[in-house]
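Note on naming: letters A, B, ... go to the chains in the order of the sequence lines (proteins, then strands), and numbering restarts at 1 for each one. The basis for the numbers below is simple: all heavy atoms, side chains too, and nothing from hydrogens, waters or symmetry mates.
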Amino acid sequence: GENVEQHPSTLSVQEGDSAVIKCTYSDSASNYFPWYKQELGKRPQLIIDIRSNVGEKKDQRIAVTLNKTAKHFSLHITETQPEDSAVYFCAGPLGDDKIIFGKGTRLHILP
Amino acid sequence: NAGVTQTPKFRILKIGQSMTLQCAQDMNHNYMYWYRQDPGMGLKLIYYSVGAGITDKGEVPNGYNVSRSTTEDFPLRLELAAPSQTSVYFCASSEAGLQFFGPGTRLTVV
């Protein structure tokens with residue numbers, strides 16, 4: 001059925017290195033691709049999003065890339081810092097109304 | 001703007017009890033959602049609403065009910081609470097796909 005697949009489920013990177021998280025989606029009508037960050041005990045918060053009319057968007061150390069042909073979008077974090085440790089979720093629409101989240105990626109930044 | 005508010009923050013229920021989780025938003029968003037998040041897991045959609053008077057089931061609706069009598073409020077009702085409903089519940093509203101989450105309600109059923 002329609003869903004959003006997110007990989008990897010856990011990712012450990014050395015502080016200062018880059019991290020990449022990927023999501024694939026099945027609904028070819030999807031046109032909005034957000035990424036959320038959830039720190040321990042807190043609510044998810046939007047960190048970056050992209051719409052289907054562009055292929056890449058950057059905001060300081062984070063970027064999102066979109067490949068509509070392959071139906072995947074990725075979150076890139078460069079020069080990782082300890083405060084980047086969190087769980088990251090991608091999300092995708094199902095039809096016009098539902099929004100379904102990926103299972104999440106737990107990112108550990110190693111000192 | 002207060003954004004999305006949820007009450008209570010914490011609640012302990014006994015098996016078989018019922019309760020209503022409250023959610024309100026002051027952004028005039030038509031779309032509202034209820035998710036549950038089990039420890040260490042992702043967000044699962046329980047119910048959603050595209051406007052006052054309209055609700056629909058998500059991925060895991062069993063054991064829950066919702067209503068949407070106004071644009072602002074979207075309460076979630078648990079009937080006959082079960083231990084499997086122990087979770088953190090997040091309400092969200094959205095505009096053009098962008099979701100705003102409430103602070104969550106941590107529910108324990110014992």
Side-chain angles (χ1 to χ4, degrees), chain A residues 1-10 21 23 25-27 29-54 57 59 64 66 73 85-108, chain B residues 2-7 9-10 21 23 25 27 29-61 66 68 74 87-108:
Chain A
E2 304 282 3
N3 59 17
V4 175
E5 300 272 349
Q6 182 173 344
H7 299 281
S9 57
T10 305
I21 304 169
C23 274
Y25 61 95
S26 54
D27 184 358
S30 298
N31 58 10
Y32 176 68
F33 306 92
W35 284 95
Y36 291 82
K37 176 183 181 182
Q38 187 178 28
E39 296 176 347
L40 189 63
K42 297 189 177 179
R43 76 190 83 180
Q45 293 201 308
L46 180 76
I47 54 171
I48 196 166
D49 57 8
I50 193 169
R51 296 200 181 265
S52 58
N53 56 344
V54 295
K57 182 177 177 180
D59 182 2
V64 55
L66 172 64
F73 59 110
S85 291
V87 179
Y88 292 81
F89 294 97
C90 62
L94 284 188
D96 293 331
D97 309 321
K98 291 183 191 178
I99 295 177
I100 299 295
F101 284 79
K103 293 190 187 305
T105 296
R106 188 172 299 277
L107 177 63
H108 301 276
Chain B
V4 180
T5 58
Q6 290 183 239
T7 57
K9 286 189 169 60
F10 305 95
L21 282 66
C23 174
Q25 53 95 7
M27 297 173 281
H29 288 165
N30 284 321
Y31 290 66
M32 295 189 74
Y33 306 81
W34 273 106
Y35 295 92
R36 61 176 285 173
Q37 186 175 36
D38 299 336
M41 303 294 283
L43 296 150
K44 293 186 178 178
L45 181 63
I46 306 171
Y47 269 96
Y48 67 103
S49 169
V50 301
I54 307 169
T55 62
D56 210 342
K57 295 178 180 179
E59 301 169 275
V60 289
V66 293
R68 186 93 183 271
F74 190 38
S87 193
V88 178
Y89 291 83
F90 288 102
C91 177
S93 69
S94 76
E95 186 72 26
L98 172 55
Q99 290 207 316
F100 298 84
F101 284 86
T105 294
R106 186 175 296 274
L107 175 68
T108 302

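Heavy atoms of B:Phe100 lying under 4.5 Å from chain A are absent altogether. Both the backbone and the side chain of B:Leu43 come within less than 4.5 Å of a heavy atom of chain A. Proximity to chain B (any heavy atom under 4.5 Å) is shown, for A:Pro44, by both the backbone and the side chain.
Annotation: the span from B:Phe101 atom CZ to A:Gln38 atom CD amounts to 8.0 Å, rounded to 0.5 Å.
Of the listed residues (B:Glu59, B:Gln37, B:Gln99), just one forms a side-chain contact (heavy atoms from CB on, under 4.5 Å) with A:Phe101, and that residue is B:Gln99.
Among the candidates B:Gly102, B:Gly104, B:Gly40, B:Gly58, the residue making the largest number of heavy-atom pairs closer than 4.5 Å to chain A is B:Gly102.
Remark: B:Met41 CE is loosely packed, at most 12 non-hydrogen atoms of other residues, nucleotides or ligands lying under 6.0 Å away.
The two residues A:Arg43 and B:Pro103 come nearest to each other via the heavy atoms NH2-CB, 3.5 Å.
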